[in-house]
A.B. asks: 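My structure is below; once you've seen it, I'll send some questions.
Sequence lines set the chain letters: A, B, ... in the order given, protein chains first and strands last, and positions in each chain run from 1. Keep in mind the model is a prediction, meaning the values are calculated, not measured.
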There are 2 protein chains.
Amino acid sequence: MNTVASAAPYHHGDLRRALLDSATAILAETGRWDFSLREVARRAGVSHAASYRHFTDKEALIAAVALTGCETLHTCMTAAIDGAKGAVGTLRAIGQAYIGFGVANPALYRLMFGQALPSIEGLPPAVLAVLTEARAVLRGVILAGARAGAFAIDPEDEQEVSVAVVTAWSLVHGFTLLTIDRVVDREVRPQVIDALAARVADRLIIGLLPIQGRR
Amino acid sequence: MNTVASAAPYHHGDLRRALLDSATAILAETGRWDFSLREVARRAGVSHAASYRHFTDKEALIAAVALTGCETLHTCMTAAIDGAKGAVGTLRAIGQAYIGFGVANPALYRLMFGQALPSIEGLPPAVLAVLTEARAVLRGVILAGARAGAFAIDPEDEQEVSVAVVTAWSLVHGFTLLTIDRVVDREVRPQVIDALAARVADRLIIGLLPIQGRR
DNA sequence: CGCCGAATGTTACCACCGTCAACACTCCAC
DNA sequence: GTGGAGTGTTGACGGTGGTAACATTCGGCG
């Protein structure tokens, strides 16, 4: 029993958070999520079995990391919407935020969409909820644009709207991954990813604009 | 020493191939590539250390599996080109072949673009070569279309062509992954993926067409 | 204050894994 | 035939995920 502040207390305080931070740090440093649970524990300065008081599983820990990523991504997207004007501008802002998050956190992004999703079932419901809402946000933007006549989409046609949603999401998701994986880098090596992303987005948006608005 | 044919011979014959097949089978069945090397060996009816005569590493085995996937994908793409006419038709055919491969081999696809690519460096050069050629094929198609006036792209503008290549690849890659991960399924549940893919592709292609060709 | 149960962390242990080294069998070239 | 090269086996090592039994601390209740 030592009341000196510098002595490590038996109880950690917030070990759950500390473990998450350690795991996230390792993920960011190595780009891999096949680290050992024991290494995470070592890093948090705790014995290897302590994590089982906070996570049922190694997989559960990793899922929790992925969840924080989903939440951050969602925050980025909604923040981007707030600062944007017009349907096209909003769409662009969302895409930019999305890609920006992925490029800034490549390993986390790959974890979220690579391992955490071995088919969407069996996911922590929390992750699923965030993804669902993210899609709803995108759909809302496109729908609003369609209603305002900014896009050549019939807002009453569910299918057509869905196609646009899937198209936009696919483009942004694919671009993010190709950029992370450096496949894009070898095609064009842009000063800034943003510039390329903007031009790629243009190609999509041109396809969405009504005839008179194009080019 | 037993000359009876039914006795298992000491030498396997083509163990390398057998190990690859086992690993591929496990991958397809479970959707995961964190299987144990020992399980692969068991499946091939061989002792746990035998694989080290054919693969330096567990990672090497997995990379080899990914390589076969890359080759198959490349084959699918080139085959699709042969049967297609016109720039738009060819582009559509490539996309369809690409998506079809991904959907038919979800785990393999995810392995190829999820784990085998922790940034493109450090990849087996063979994989890299296949990817590079795949991109060249796509670029060739788009360039040809641009030269023929089928797309609103200046064939002399390297950047513009590259943007189109990245856009097309991003869209197809993203769509494939979202479909594999069942994210798309919850947006629209199409009778066939093909129909959705075609409509998504249309959105891209409309953006590529010259003005007079649209809609 | 003192005590007790719940929460949290530790140690000890298990089966299994990746990898290596030493050994066994088989095939082919001479 | 014989001797190496190639291929498969056995056995061992340290590390890992996971569990159980034990230790420590905290918070509430007398």
Side-chain angles (χ1 to χ4, degrees), chain A residues 1-27 29-30 32-66 111 115-116 118 122 124, chain B residues 1-27 29-30 32-66 111 115-116 118 122 124:
Chain A
M1 164 70 57
N2 191 338
T3 55
V4 175
S6 65
Y10 188 88
H11 283 338
H12 182 284
D14 193 354
L15 182 54
R16 187 189 149 87
R17 170 54 49 108
L19 291 171
L20 278 178
D21 289 347
S22 297
T24 306
I26 296 176
L27 178 66
E29 286 167 22
T30 67
R32 312 182 121 265
W33 52 87
D34 58 351
F35 46 73
S36 75
L37 212 45
R38 288 163 120 102
E39 188 186 344
V40 176
R42 271 192 294 272
R43 200 134 164 164
V46 103
S47 90
H48 70 273
S51 31
Y52 289 91
R53 300 287 176 198
H54 301 274
F55 302 96
T56 66
D57 231 34
K58 180 181 182 179
E59 218 164 314
L61 198 174
I62 295 190
V65 172
L111 168 64
Q115 179 82 342
Chain B
M1 161 66 58
N2 191 338
T3 56
V4 176
S6 65
Y10 189 89
H11 283 336
H12 181 284
D14 193 354
L15 182 54
R16 187 190 150 87
R17 170 53 49 109
L19 291 171
L20 278 177
D21 289 347
S22 297
T24 306
I26 295 175
L27 177 66
E29 286 166 22
T30 67
R32 313 181 120 267
W33 51 88
D34 58 352
F35 47 73
S36 75
L37 212 47
R38 286 162 120 103
E39 188 185 345
V40 176
R42 272 193 293 270
R43 200 132 161 164
V46 103
S47 90
H48 68 271
S51 30
Y52 287 89
R53 299 289 175 196
H54 301 276
F55 303 97
T56 65
D57 230 29
K58 180 182 183 180
E59 218 164 313
L61 198 174
I62 295 190
V65 171
L111 168 64
Q115 179 81 343

A.B. asks: When you measure from every atom of DNA chain C, which of residues 16-26 of chain A have a heavy atom less than 4.0 Å away?
C.D. replies: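 Under 4.0 Å from DNA chain C: no residue of residues 16-26 of chain A.
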
A.B. asks: Where is the tightest heavy-atom contact between A:H54 and A:A50, given as atom of each residue plus distance?
C.D. replies: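 Where A:H54 meets A:A50 most closely, the heavy atoms are CD2-O, 3.8 Å.
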
A.B. asks: Which donor-acceptor pairs under 3.5 Å do side chains of residues 16-26 of chain B form with protein atoms, sequence neighbours excluded?
C.D. replies:
residue	atom	partner	partner atom	Å
B:S22	OG	B:A18	O	3.1
B:T24	OG1	B:L20	O	2.7

A.B. asks: In whole Å, I'd like the distance from the NE2 atom of B:H54 to the C1' atom of C:dG18.
C.D. replies: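 To the nearest whole Å, that distance equals 17 Å.
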
A.B. asks: How long is the straight-line distance from OG of A:S47 back to OH of A:Y52, given to the nearest 0.5 Å?
C.D. replies: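 Nearest 0.5 Å value for the OH-OG distance: 11.0 Å.
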
A.B. asks: How far does CG of B:L61 sit from CZ of B:F35, to the nearest 0.5 angstrom?
C.D. replies: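 Answer for the CG-CZ pair, B:L61 versus B:F35, is 6.0 Å.
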
A.B. asks: Could you state the atom-to-atom distance from CG of A:L15 to P of C:dT10 in whole Å?
C.D. replies: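 Nearest whole value for this atom pair: 8 Å.
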
A.B. asks: May I have the distance from B:R53 (atom CZ) to C:dC20 (atom P), rounded to whole angstrom?
C.D. replies: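 My rounded result for the distance is 11 Å.
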
A.B. asks: Between atom CG in B:D14 and atom P in D:dT7, what is the gap in whole Å?
C.D. replies: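 In whole Å, D:dT7 P and B:D14 CG are 10 Å from each other.
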
A.B. asks: Walk me through it: do B:E39 and B:R32 pass the test salt bridge (charged side-chain N to carboxylate O under 4.0 Å, His left out)?
C.D. replies: CA-CA 13 Å; B:E39 188 185 345; B:R32 313 181 120 267; over 6 Å; no

A.B. asks: Rounded to the nearest 0.5 Å, how far apart are CG of A:L111 and CH2 of A:W33?
C.D. replies: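 Between A:L111 CG and A:W33 CH2, I get 5.5 Å after rounding to 0.5 Å.
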
A.B. asks: Can you give one letter per nucleotide of nucleotides 14-19 of chain D, going 5' to 3': B for a protein heavy atom under 4.0 Å from the base, S for sugar-phosphate only, - for none?
C.D. replies: --SBBB

A.B. asks: Taking side chain as C-beta onward, heavy atoms only, is B:L15 less than 4.5 Å from B:R53?
C.D. replies: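 A side-chain contact under 4.5 Å is absent here.
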
A.B. asks: Is there a side-chain contact between B:R42 and B:S36, using heavy atoms and a 4.5 Å cut-off?
C.D. replies: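 SC-SC contact between B:R42 and B:S36 confirmed.
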
